[in-house]
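What you see is a predicted model; the values in this text were computed from it and never measured. Naming convention: chains lettered A, B, ... in sequence-line order (proteins, then strands); numbering from 1 in each chain.
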2 protein chains.
Amino acid sequence: MTTEQSKSDISRARILDAAAKTFRQKGYAATTLIEIARAADMQAGSLYYHFGSKDELLEEVLDIGMRRVHEAVEESQEHLPPGSSHRDRIRAAVEAHLTTLLKLDDYTSANIRIFGQIPEDVRRRHIKLRDAYAELWRRILAKAQKSRALRSDIDLGLVRMLLMGALNWSVEWYQPGRTSIQTMADHMCLMLFSGIGIDETARSSEDETIA
Amino acid sequence: MTTEQSKSDISRARILDAAAKTFRQKGYAATTLIEIARAADMQAGSLYYHFGSKDELLEEVLDIGMRRVHEAVEESQEHLPPGSSHRDRIRAAVEAHLTTLLKLDDYTSANIRIFGQIPEDVRRRHIKLRDAYAELWRRILAKAQKSRALRSDIDLGLVRMLLMGALNWSVEWYQPGRTSIQTMADHMCLMLFSGIGIDETARSSEDETIA
DNA sequence: TTTAAAATCGAACTAGTGTTAGAAAAAATG
DNA sequence: CATTTTTTCTAACACTAGTTCGATTTTAAA
């Protein structure tokens, strides 16, 4: 028990890394403890010294992934230059979300990919973190709307789901090198705020009603 | 072998329905043949009279799901009123995609949800249908861009992925009754074409460059 | 170096899976 | 009704998974 981390902590981290990576690649049910153990340079039985069950391991991977993206987006809001527009704020949040999801974080991408296939009780215990993250986005968007940076005649909850969908779905197709995360964020924010249509009738976008 | 469907065909369809439903709910690996059989009012062994393996069953579910959404979107383009704008065309495609995905079609939603977790060889054999569907969307969007209904300074492939993501992700959160598919399509198209931002600097959207 | 604790191994167990094949039942045919 | 074919059942098989636990090794303390 020195100032550094014990051997147990190192192994634990190695196992979690291996689990996150394998879960992300193969999904939850298809991932075997033998695979995780091999990726962590261990025997399957040894995992039980650190984790009580496969579900416990899953739960920790999910939690870490959600906390990381939450913190990343939260930080992106705190480190904004003073006087940033709401568009800048949202743009920063989008980029933070994408970066965490796509850049070297198997935890968050595993979370996003396998959330729909996890056992009921694990989901129940994890859902709080999900809700908290959703609430963060809700606040960001609502503030923008209140400040008249976003139209008021729209269903902001629906917009949030469409936005998160566009971002989250990238775990299914994103390949490093083909498109930069900045380009993705640029396109996403352009669509969100201005759209990519060329108005043939030449009326301003505020004229259209939706609800 | 009458003009109607044989008993075998009926059972086959019942099994496929049960499989699609269960795959969509639980994912591929977590779904057991016992569950599928129970949902189809049969014993697990009896499935093998109709299908050679679990993978074969999966493959057919995937193919049916992809064909259905492909046909739905294709039809939406053929049944457009003459003189429809490109925005109308895309709006029709969006609605067709969402309707197939969310309204009583376990096949398409199963496809979208579990595609990331299927065995390698099944994916390889299924990928053609996926590509064909992507190509359909590529054509629709490219035509709109060529007709100057969409900006030319954007990465249309990226826009397509973001759009499909926003739509496909709805299988993870959509609940019938809370939001209508029309409202979803409205919001999606409004975002895509006009955006939902209120331009504080009051310059037109065409002034912004992205690439 | 000795000794106790921490960490891992290795082999076994149980449960549940996809799959098979012969028996049984249902349907169709003559 | 008799008989053949189609369809389903039943029971078993082979295999793999998650899990357990005593033996063994590694690490740290005295």
Any residue in residues 37-60 of chain A with a heavy atom nearer than 4.0 angstrom to DNA chain D? Just list them by number, or reply none. A:Gly45, A:Tyr48, A:Ser53, A:Lys54
Round to a whole Å and report the spacing from [atom1] of [X] to [atom2] of [N].
X: A:Ile34; N: C:dA12; atom1: CD1; atom2: P; result: 15 Å
X: A:Asp9; N: D:dT27; atom1: CG; atom2: C1'; result: 14 Å
X: A:Arg12; N: C:dA6; atom1: CZ; atom2: P; result: 16 Å
X: B:Ile10; N: D:dT6; atom1: CD1; atom2: P; result: 16 Å

Before we go on, tell me: are the rings of A:His97 and A:Tyr133 under 6.0 Å apart, centre to centre? yes
Between B:Val61 and B:Tyr107 the two heavy atoms that sit nearest each other are O-CD2, 3.9 Å
Output, in order, the C-alpha distance, side-chain angles, deciding distance and verdict of side chain to side chain contact (heavy atoms under 4.5 Å, CB included) for B:His187 and A:Leu162. CA-CA 9 Å; B:His187 279 71; A:Leu162 293 173; 4.0 Å; yes
Rounded distance (nearest 0.5 Å) linking atom CG of B:Leu101 with atom CG of B:Asp106: 11.0 Å
Evaluate side chain to side chain contact (heavy atoms under 4.5 Å, CB included) for A:Val171 paired with A:Arg24, printing each intermediate quantity in order. CA-CA 9 Å; A:Val171 296; A:Arg24 192 207 53 156; over 6 Å; no
Sequence neighbours excluded, the answer for side-chain hydrogen bond (donor to acceptor under 3.5 Å, both in side chains) partners of B:Glu60 is B:Arg12
So, OP1 or OP2 of C:dT8: does either fall under 4.0 Å of a side-chain N or O from A:Ser11? yes
